[in-house]
**Q** 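I'd like to ask you about the structure that follows.
Note that ligands are numbered from 1 as they come in the structure, with each ligand's atoms numbered from 1 the same way.
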Amino acid sequence: MPDQLLIVGGGFAGFWAALAARRVAGDRATVSVVSREPILQMRPRLYEAQPETLGVDLLPLLGAAGVQFIAGDAVGLDVSASEVRLRSGKRIGFDRLVVATGSVMRRPPVPGALLAHSIDTQDEAIALDRRLAVLCEASPATATVIVVGAGFTGIELALELRDRMAALGNAALGERMKIVLVDRALVVGSELGEGPRPVIEEALVTARVELRLGANIMSFSTNAISFADGSTLTGDAIVLTTGMVAAPFAECVPGERDSLGRLKVDTTLRAPAAPKVFVTGDAATAETGGDHATLQSCQHALQLGRFAGENAARDLLGLPGLPYEQARYVTCLDLGRSGAVLTEGWDRRVLYSGDEGKALKRRINTQVIYPPTGLSAGALIAFSGTAPDDQRPPGAT
Ligand SMILES: Cc1cc2nc3c(=O)[nH]c(=O)nc-3n(C[C@H](O)[C@H](O)[C@H](O)COP(=O)(O)OP(=O)(O)OC[C@H]3O[C@@H](n4cnc5c(N)ncnc54)[C@H](O)[C@@H]3O)c2cc1C
C-alpha cells in the first residue's frame, strides 16, 4: 500500500505543497489535501471590487495532478498515532503531514470588535461589499467608511473605496463620502518602513483619506468607535484590517511559536518536536537568510508550500530535505488611483511607483499568485519546483 502524505489547508501553501509532493513522490505515496472547501481564496485581492469572483476552483487542478481532495475542518492532531481528526469525527492517518492552515485576522481585544466588518476571507469581503451596496442604493447625502488598521491591507482598502462605490453603481457617493483610516501607530504603514511612506502618504492625501493616528480604541458598536480620549467616531461601515495570526489548527502541532502563533520550523520546514510533521505558509516561521524571518505573505507562502511538500515527500523516500530558501523579497502595494508602489529588499527600496508600479501590481494580482491554467498535468506538476527557473511560465524569459 502506498504511503499517505496528507496536507491540511488548501490555500497557496497547501496547493503548491500538494503538487510538489506529487512531483517528488510519484506513485510511492497517495497525496491528499483536507480543507474546508476546494477553493483557493485570493486573499491578497479581497480589498478589490467583486470579491465573489476572487476564488479559484481547485478540484480540476488537484484532479489533474492526481491529488485527492477531502472536504473537512481539521480540529485535532494525534502526533503519536499519526492521525488528524476532522470536526465530523472522521480520523485520517498519515505517514507524513504538512500543516498549511494559514492565518486569520486578529481582532482587537476590545468590546464589540466582532461587530465590525473585515476582508479576511472571501465571505467576509462579500459581506462588506453588500454593506457598501446597501449604502450605494440608499445614497445618503453623506456617508463615512472607517478602516481600522493602517497597514498593508488597510491602506489598499481605503484607497480603493471610492472606486468600489463607483463599481457598485454610485460614483457620486464614492466621491462625496468620507473615508477615515485609523491606527494606534503614529504613522501609516509602520511595518512597511520609511522607504515607501512618502508615496503612500501622498496617495492618501490625493484620495482625501482622513487619518486618525495614535488612536486608542476602547470599544466598537455597529456604527461607532469609542476612543480612550472620550471621543467617538461614527461611520456607516467599519472595517477591521488589524493584522493576522496563525489559524488555530497550528496550535495542535507541538513546539515553539512566535508572537503571531506561527510554529518555529527547522531549515527543511519540519516541526522539530514532531518529526513526521512539516509546517508551512502563514502557519510557520522560518529563516529566509540574513537574519530575516518569513512574513505572512503570499510570496512566502507560495515558496514555503513548495518546499514543505517536496521535503515531506523526500522524507518518505529516505532522501535528505532541501533547505528552504527564497532569494528575492519585494512588496507591491496598490495605491488606488495613484498607481502602486513596488519595493525591493528588506530595507524596502522603492523600485517603481505610479503607473509602472500599478502594471506590476496588476500582473501579481491576476497572474503571479494564480495557479497556471492551460497546462498539461505534467507541466502543472513541474511548475511546483523550488528553483526560480521551475516556476517561470512556459515561454517567459
Ligand atoms: C485582505 C488581505 C490582503 C493581503 N494582501 C497581501 C498582499 O498584497 N501580498 C501578500 O504577499 N500577501 C497578502 N496577504 C497575505 C496572504 O493572503 C497570505 O499570506 C496567504 O494567503 C497565506 O497562504 P497560506 O496558504 O499559508 O494560507 P491561507 O491562504 O490562509 O490558506 C489556508 C487554507 O487552509 C484552510 N484551513 C485553515 N484551517 C483549517 C482547518 N482547521 N481545517 C481545514 N482547512 C483549514 C483555510 O480555509 C484556507 O483554505 C493578504 C491577506 C489578506 C487577508
**Q** Identify, by atom number and element, the atoms of ligand 1 in contact range of G281, meaning under 4.0 Å from any of its heavy atoms.
**A** 26 (O)
**Q** With a cut-off of under 6.0 Å to the ring centre and 45° to the axis, is R107 in cation-pi contact with F220?
**A** no
**Q** Polar contacts were defined as any N/O atom of the residue lying under 3.5 Å from an N/O atom of the ligand; does this apply to A74 and ligand 1?
**A** yes
**Q** When you measure from the heavy atoms of P248 to every atom of ligand 1, does any distance fall below 4.0 Å?
**A** no
**Q** Around atom 23 (O) of ligand 1, find the nearest protein heavy atom and jot down its residue, atom name and distance.
**A** A301 CB, 3.4 Å
**Q** Over 60° means perpendicular and under 30° means parallel, so classify the ring planes of F307 and Y324, tilted if in between.
**A** perpendicular
**Q** Which ligand 1 atoms, with their elements, are less than 4.0 angstrom from a heavy-atom of S103?
**A** 30 (O)
**Q** Is there at least one pair of N or O atoms, one from L46 and one from ligand 1, spaced under 3.5 Å apart?
**A** no
**Q** Please round to the nearest 0.5 Å and tell me the distance separating atom CG of L159 and atom CD1 of I179.
**A** 8.0 Å
**Q** Any side-chain heavy atom of Q122 sitting closer than 4.5 Å to one from L46?
**A** yes
**Q** To which protein heavy atom is atom 47 (O) of ligand 1 closest, and what is the distance rounded to 0.1 Å?
**A** R36 NH1, 3.7 Å
**Q** Write out the residue and atom name of the closest protein heavy atom to atom 33 (C) of ligand 1, then the distance separating them to 0.1 Å.
**A** G11 N, 3.6 Å
**Q** Would you indicate which of C332, G102, A125 comes nearest to atom 27 (O) of ligand 1 when only heavy atoms are counted?
**A** G102
**Q** For R212, is there an ion pair with D183 - N to carboxylate O distance below 4.0 angstrom?
**A** no
**Q** Numbering the atoms of ligand 1 from 1, which are under 4.0 Å from a heavy atom of Q299?
**A** 11 (O)
**Q** Heavy-atom distance under 4.5 Å between the side chains of Y329 and R348, does that happen here?
**A** yes
**Q** Are D120 and R43 within salt-bridge range, i.e. N to O under 4.0 Å?
**A** yes
**Q** Do any nitrogen or oxygen atoms of D282 lie less than 3.5 angstrom from nitrogen or oxygen atoms of ligand 1?
**A** yes
**Q** So, does K361 sit close enough to ligand 1 that a heavy atom of it is under 4.0 Å from the ligand?
**A** yes
**Q** I want to confirm something. Looking only at heavy atoms, which of P44, G243, G9, A71 is nearest to atom 5 (N) of ligand 1?
**A** P44
**Q** Give the residue, atom name and distance (to 0.1 Å) of the protein heavy atom nearest atom 35 (C) of ligand 1.
**A** S35 OG, 3.5 Å
**Q** Do NZ/NE/NH1/NH2 and the carboxylate oxygens of R91 and D78 come within less than 4.0 Å?
**A** no
**Q** Counting non-hydrogen protein atoms only, what is the nearest one to atom 37 (C) of ligand 1? Give residue, atom name and distance.
**A** T101 O, 3.1 Å
**Q** Is there a side-chain contact between Q4 and L6 (heavy atoms, below 4.5 Å)?
**A** no
**Q** What are the atoms of ligand 1, with element, lying closer than 4.0 Å to any heavy atom of G72?
**A** 42 (N), 43 (C)
**Q** Can K276 and D315 be counted as an ion pair, charged N to O under 4.0 angstrom?
**A** no
**Q** Is any side-chain heavy atom of M244 closer than 4.5 Å to one of T153?
**A** no
**Q** Report the part of T153 (side chain from C-beta onward, or backbone N, CA, C, O) that has a heavy atom under 4.0 Å from ligand 1; answer both or neither where that applies.
**A** side chain
**Q** Do the non-hydrogen side-chain atoms of R176 and S139 ever get within less than 4.5 Å of each other?
**A** yes
**Q** Looking only at N/O atoms, are R43 and ligand 1 under 3.5 Å apart anywhere?
**A** yes
**Q** Say you draw a straight line from CZ of R197 to OG of S190; how long is it, rounded to the nearest 0.5 Å?
**A** 7.0 Å
**Q** Counting only nitrogen or oxygen atoms and a 3.5 angstrom limit, does S297 reach ligand 1?
**A** yes
**Q** Applying a strict 4.0 Å limit to heavy atoms, is Y47 in contact with ligand 1?
**A** no
**Q** The test is salt bridge (charged side-chain N to carboxylate O under 4.0 Å, His left out); show your working for D163 and R337 and say whether it passes.
**A** CA-CA 9 Å; D163 286 336; R337 296 174 188 173; 2.8 Å; yes
**Q** Judging by distance only, is a nitrogen or oxygen of V8 under 3.5 angstrom from one on ligand 1?
**A** no
**Q** Can you sort out which atoms of ligand 1 are near F249, meaning under 4.0 Å from one of its heavy atoms?
**A** 41 (N)
**Q** Could you check atom 21 (O) of ligand 1 against the protein and tell me its nearest heavy-atom contact, residue, atom and distance included?
**A** F12 CD1, 3.3 Å
**Q** How far is atom 11 (O) of ligand 1 from the closest protein heavy atom, and which atom is that?
**A** C298 N, 2.7 Å
**Q** Kindly indicate whether the side chain of D282, heavy atoms from C-beta on, has any atom under 4.5 Å from the side chain of F12.
**A** no
**Q** Below the 3.5 angstrom mark, is there an N/O of A13, backbone or side chain, next to an N/O of ligand 1?
**A** yes
**Q** Under the side-chain hydrogen bond (donor to acceptor under 3.5 Å, both in side chains) criterion, do T288 and Q326 qualify, and how do the steps go?
**A** CA-CA 6 Å; T288 60; Q326 184 143 7; over 6 Å; no
**Q** Taking only heavy atoms of F152 into account, list the atoms of ligand 1 that are under 4.0 Å away from them.
**A** 7 (C), 8 (O)
**Q** Considering only heavy atoms of Q296, which atoms of ligand 1 have at least one such atom less than 4.0 Å away?
**A** 15 (C), 19 (O)
